[in-house]
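Before any comments, here is the structure.
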Amino acid sequence: MAEVKISCPKCDWEPTPADVWQCTCGHVWHTFDTAGRCPSCSKQWEETCCHEPAAGGCGRWSPHMEWYRNLDGWLKEEIEKIRIRVAETIG
Ligand SMILES: [Zn+2]
Ligand SMILES: [Zn+2]
């Protein structure tokens, strides 16, 4: 089974578990833990911003799902399940 790699579709920047994103509500978290949904206000980010060029990225926005490379059908379903579970957890 191919290993899934997460990287920016535009520049191939690869986020590490230590990288975080900030929501418009001010919450800071690792967006790939929740498939793009803010755990604080439950906003679903359909697009994910790359980190700034100073941090090694390109600073551009791409659809969240396009960040997952080698994505098989079953894994897309798994990610959808995570989204639903997160939504149920935070209401
Ligand atoms: Zn939020
Ligand atoms: Zn990028």
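Along the sequence shown, residues carry numbers from 1. All ligand and atom numbering here is 1-based and tracks the order in the structure.
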Please test T48 against W21 for side chain to side chain donor-acceptor pair (under 3.5 Å), starting from the C-alpha separation and ending with a verdict. CA-CA 9 Å; T48 295; W21 284 255; 5.7 Å; no
Report the C-alpha separation of Q44 and V86 in whole Å, then their side-chain angles, then the decisive distance to 0.1 Å, and conclude whether the side chain to side chain contact (heavy atoms under 4.5 Å, CB included) test is met. CA-CA 10 Å; Q44 180 65 57; V86 170; over 6 Å; no
Main chain of D19, side chain of H30: is a donor-acceptor contact present, judged purely on distance under 3.5 Å? yes
Which heavy-atom pair separates G56 from W13 by the least distance, and what is that distance? O-CD1, 3.3 Å
Near the Zn ion (ligand 2) (protein N/O/S, cut-off 2.8 Å, waters excluded) we have C8 SG, C11 SG, C50 SG, C58 SG
Taking NZ, NE, NH1 and NH2 as the nitrogens, is one of them in K81 or E78 under 4.0 Å from a carboxylate oxygen of the other? yes
The test is side chain to side chain contact (heavy atoms under 4.5 Å, CB included); show your working for W45 and C23 and say whether it passes. CA-CA 9 Å; W45 291 82; C23 182; 3.6 Å; yes
Within less than 2.8 Å of the Zn ion (ligand 1), any N, O or S from C41? yes
